[in-house]
Enquirer: 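Attaching a single structure in structure tokens format; questions to follow.
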Amino acid sequence: MSTLSDLVYAQGRSRDADVEWLHRLAGDGQLLADLAFADIVLWVPTADDSYIAVAHARPSGAATLFYRDIVGDRVRPQWRTQVHEAFQSGTIVDSASPDWFEETPTRVRAVPIVRQFPHGGSPIPIGVMTRHTNLGETRTPSRQQITFNDCADELFGMIASADFPDLAAPTAPRRGAPRASDGLIRLDVDGITTFASPNALSAFNRMGFDDELEGEALVEVTTRIIPEKRQFDESLPLVVTGRAPWRADIEARGVAVSLRTIPLKHRGQRIGAIVLCRDVTEIRHQEQELITKDATIREIHHRVKNNLQTVASLLRIQARRSHSDEAREALTQAMRRVSAIAVVHDTLSEGLAQNVNFDEVFARVMKLVAEVAASPTTHARTRSTGKFGTLPSEYATPLALALTELVTNAVEHGLAGQEGDVEIIADRTDDRLEVRVRDTGVGLPEGQVGRGLGTQIVRTLIQGELSGTIDWHTIMGSGTEVTIDIPMRYIARSSN
């Protein structure tokens with residue numbers, strides 16, 4: 001599906017600043033639809049003097065007119081004249097008579113989307129917003145509906161005068177953003193509450209305010225309910241007085257309420273504000289639990305890494321004191337395997353995600369085989385090409401261990417007592433991850449693969465844990481190449 005940016009840029013008439021403005025406005029499309037109890041559609045002009053829909057929001061508290069998605073559609077003939085007039089004149093244009101849409105009477109309002117210029121100059125329309133009100137469900141409006149409609153009309157006027165959206169305002173958080181249905185407070189120019197929806201009043205009642213909000217200065221209300229010794233957001237005074245398009249949280253009596261203020265302006269002069277509020281207590285508790293769990297998981301990875309490094313150190317000490325070459329080699333290999341696993345846990349302990357940049361992990365793993373590469377009789381040069389990308393931890397550990405085995409085998413056996421190269425080539429696509437470990441050593445007799453513990457470990461890790469395939473073969477002339485092929489669908493599934 002095409003994004004808003006794709007649709008706008010495809011028309012060839014917009015700039016990056018226009019797209020950012022439209023993105024901000026589309027982000028508040030749901031708010032406008034809920035306040036207006038109507039469908040909201042954003043249109044941008046095309047090269048052939050038509051218009052194409054780039055965003056659409058359906059109302060939460062009223063029936064939608066568009067049961068099918070109209071994003072990407074051209075403007076219908078019955079709306080084109082009205083939309084074009086609003087775009088050309090830069091003024092709001094209302095339909096003169098009810099417009100019929102699929103046997104439903106509607107009222108259409110076309111609002112020019114006018115963008116500010118940061119360095120002066122006259123604002124010009126960059127698109128049109130249409131409001132489609134369903135007249136088939138007309139009923140006597142409540143006081144809340146009248147207030148919501150009035151707020152919508154104020155915002156439409158601000159859109160036409162380039163006062164909304166405000167690019168200086170913070171973007172909405174992913175979770176817990178207040179909506180009109182969660183609670184709405186209307187303030188006058190002095191910050192006095194002229195209307196408070198039932199949900200808004202309930203939110204403040206739960207924080208300890210047991211009176212009516214209407215007629216009260218919201219800044220005084222919040223001052224009364226916030227505990228004296230409790231630290232609060234420095235932007236809170238600007239939010240509750242309606243002076244800045246900002247966001248803040250209030251916490252009292254174990255209840256957290258998120259606030260968002262939209263100053264209302266007429267001809268550039270502030271005339272009041274809308275304050276949206278939402279009880280986000282449960283959401284904040286969940287976020288805190290996630291933060292605690294993330295910290296716990298990171299600490300576990302850190303401790304596992306420390307324990308593995310301790311085990312590796314003990315194996316190294318034991319290897320040095322061993323009098324048997326065979327035992328010393330076995331302990332050294334075990335030490336490297338444990339150290340490779342410790343590298344993955346160390347990487348996971350540094351971030352919040354349970355995915356790792358495997359290129360960084362592998363660069364550290366390569367240092368583990370440096371001791372072998374620097375042996376007196378063997379001079380091995382190792383290099384890595386290509387990108388592994390990001391992998392989930394359950395795949396990073398077996399892959400790191402398998403590659404450690406393969407590179408070690410290439411140095412110890414393929415290049416034993418000579419000089420040569422070991423190259424690790426990673427090739428990742430959307431469907432697969434292929435890794436080739438190639439050396440310039442003595443090679444293997446075709447069809448013959450080692451039967452040692454290292455080979456068994458590699459087979460178990462690649463075939464058993466990664467659902468991949470592995471193949472050994474001799475390069476023409478000399479050397480061995482081991483090819484690992486892992487289907488990406490398994491990696492993608494484990495990342496979800």
Side-chain angles (χ1 to χ4, degrees), residues 25 27-41 57-63 65 86 91-95 98 106-114 128-135 137-166 169 178-204 212-218 239-245 259-278:
L25 192 55
D28 279 318
Q30 190 61 57
L31 170 64
L32 293 166
D34 292 342
L35 290 176
F37 297 93
D39 286 89
I40 299 295
V41 183
R58 295 181 174 89
S60 300
L65 289 170
T91 59
I92 297 175
V93 180
D94 290 308
S95 54
T106 66
R107 182 171 61 249
V108 180
R109 166 171 285 192
V111 180
I113 301 172
V114 181
V128 176
M129 172 183 287
T130 53
R131 179 182 72 178
H132 303 260
T133 305
N134 188 341
L135 299 179
E137 295 187 347
T138 302
R139 59 183 184 273
T140 302
S142 63
R143 180 167 176 253
Q144 175 169 307
Q145 186 171 353
I146 293 173
T147 302
F148 277 29
N149 275 316
D150 288 344
C151 291
D153 290 339
E154 296 285 359
L155 291 177
F156 289 139
M158 291 169 60
I159 293 170
S161 62
D163 289 319
F164 187 81
D166 191 329
R179 303 158 298 191
S181 58
D182 296 320
L184 182 142
I185 299 172
R186 176 72 183 263
L187 302 180
D188 65 14
V189 70
D190 297 317
I192 306 299
T193 303
T194 60
F195 172 82
S197 70
N199 285 342
L201 181 59
S202 295
F204 277 83
E212 294 293 331
L213 282 173
E214 294 185 17
E216 297 280 353
L218 191 59
V239 171
V240 295
T241 55
R243 296 181 180 276
L259 302 178
R260 177 197 175 186
T261 293
I262 304 174
L264 298 177
K265 298 179 180 179
H266 180 68
R267 295 181 179 178
Q269 297 296 317
R270 190 171 60 86
I271 61 173
I274 299 170
V275 180
L276 303 175
C277 53
R278 180 180 181 180

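Side chains included, hydrogens not; waters and symmetry mates left out as well; all remaining heavy atoms used.
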Enquirer: Could you list all the side chain to side chain donor-acceptor pair (under 3.5 Å) pairs where at least one residue sits in residues 146-160, not counting sequence neighbours?
Expert: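 Qualifying pairs: Arg109-Asp153, Arg131-Asp153.
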Enquirer: Taking Leu65 as the fixed residue, which of Val108, Asp39, Thr133 is the one that meets the side chain to side chain contact (heavy atoms under 4.5 Å, CB included) rule?
Expert: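 The single option meeting the side chain to side chain contact (heavy atoms under 4.5 Å, CB included) with Leu65 is Asp39.
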Enquirer: Hey, what do you get for CG (Leu25) to CG (Leu155), rounding to the nearest 0.5 Å?
Expert: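 The CG atom of Leu25 sits 10.0 Å away from the CG atom of Leu155.
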Enquirer: Partners of Thr193 by side-chain contact (heavy atoms from CB on, under 4.5 Å), sequence neighbours excluded?
Expert: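 So Thr193 forms a side-chain contact (heavy atoms from CB on, under 4.5 Å) with Ile185, Leu187, Ala196, Leu213, Glu214, Leu218.
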Enquirer: Rounded to the nearest 0.5 Å, how far does CZ of Phe195 lie from CD1 of Ile274?
Expert: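 Answer rounded to 0.5 Å: 11.0 Å.
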Enquirer: Distance from Asp188 atom CG to Arg270 atom CZ, nearest 0.5 Å?
Expert: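 One finds 9.0 Å between CG of Asp188 and CZ of Arg270.
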Enquirer: Can you tell me if CZ on Arg107 sees more than 12 non-hydrogen neighbours from other groups inside 6.0 Å?
Expert: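 Check fails, neighbour count at 12 or below.
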Enquirer: Under the side chain to side chain contact (heavy atoms under 4.5 Å, CB included) criterion, do Leu264 and Arg186 qualify, and how do the steps go?
Expert: CA-CA 10 Å; Leu264 298 177; Arg186 176 72 183 263; 3.4 Å; yes
Enquirer: Under 4.5 Å between any side-chain heavy atoms of Pro245 and Thr261, yes or no?
Expert: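 The answer is no; the side chains never approach within 4.5 Å.
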Enquirer: Let's go through Ile40 and Phe156 carefully: what are the C-alpha distance in whole Å and the side-chain angles of both, what is the deciding distance for side chain to side chain contact (heavy atoms under 4.5 Å, CB included) to 0.1 Å, and is it a yes or a no?
Expert: CA-CA 11 Å; Ile40 299 295; Phe156 289 139; 3.9 Å; yes
Enquirer: Using 0.5 Å steps for rounding, measure from the CD1 atom of Ile146 to the SG atom of Cys151.
Expert: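 One finds 12.0 Å between CD1 of Ile146 and SG of Cys151.
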Enquirer: Can you tell me how far CG of Asn199 sits from CZ of Phe204, rounded to the nearest 0.5 angstrom?
Expert: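 If we round to the nearest 0.5 Å, Phe204:CZ and Asn199:CG are 12.5 Å apart.
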Enquirer: Looking only at side-chain N and O atoms, does Ser60 offer a donor or acceptor that is under 3.5 Å from a partner on Asp34?
Expert: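 Side-chain D/A pair, Asp34 to Ser60: present.
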Enquirer: Indicate yes or no: does Asp28 engage Arg260 in a salt bridge with an N to O separation below 4.0 Å.
Expert: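 Looking at Asp28 and Arg260, the cut-off is met.
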Enquirer: With a 4.5 Å limit on heavy-atom distance, are the side chains of Val189 and Ile271 in contact?
Expert: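 Not in contact.
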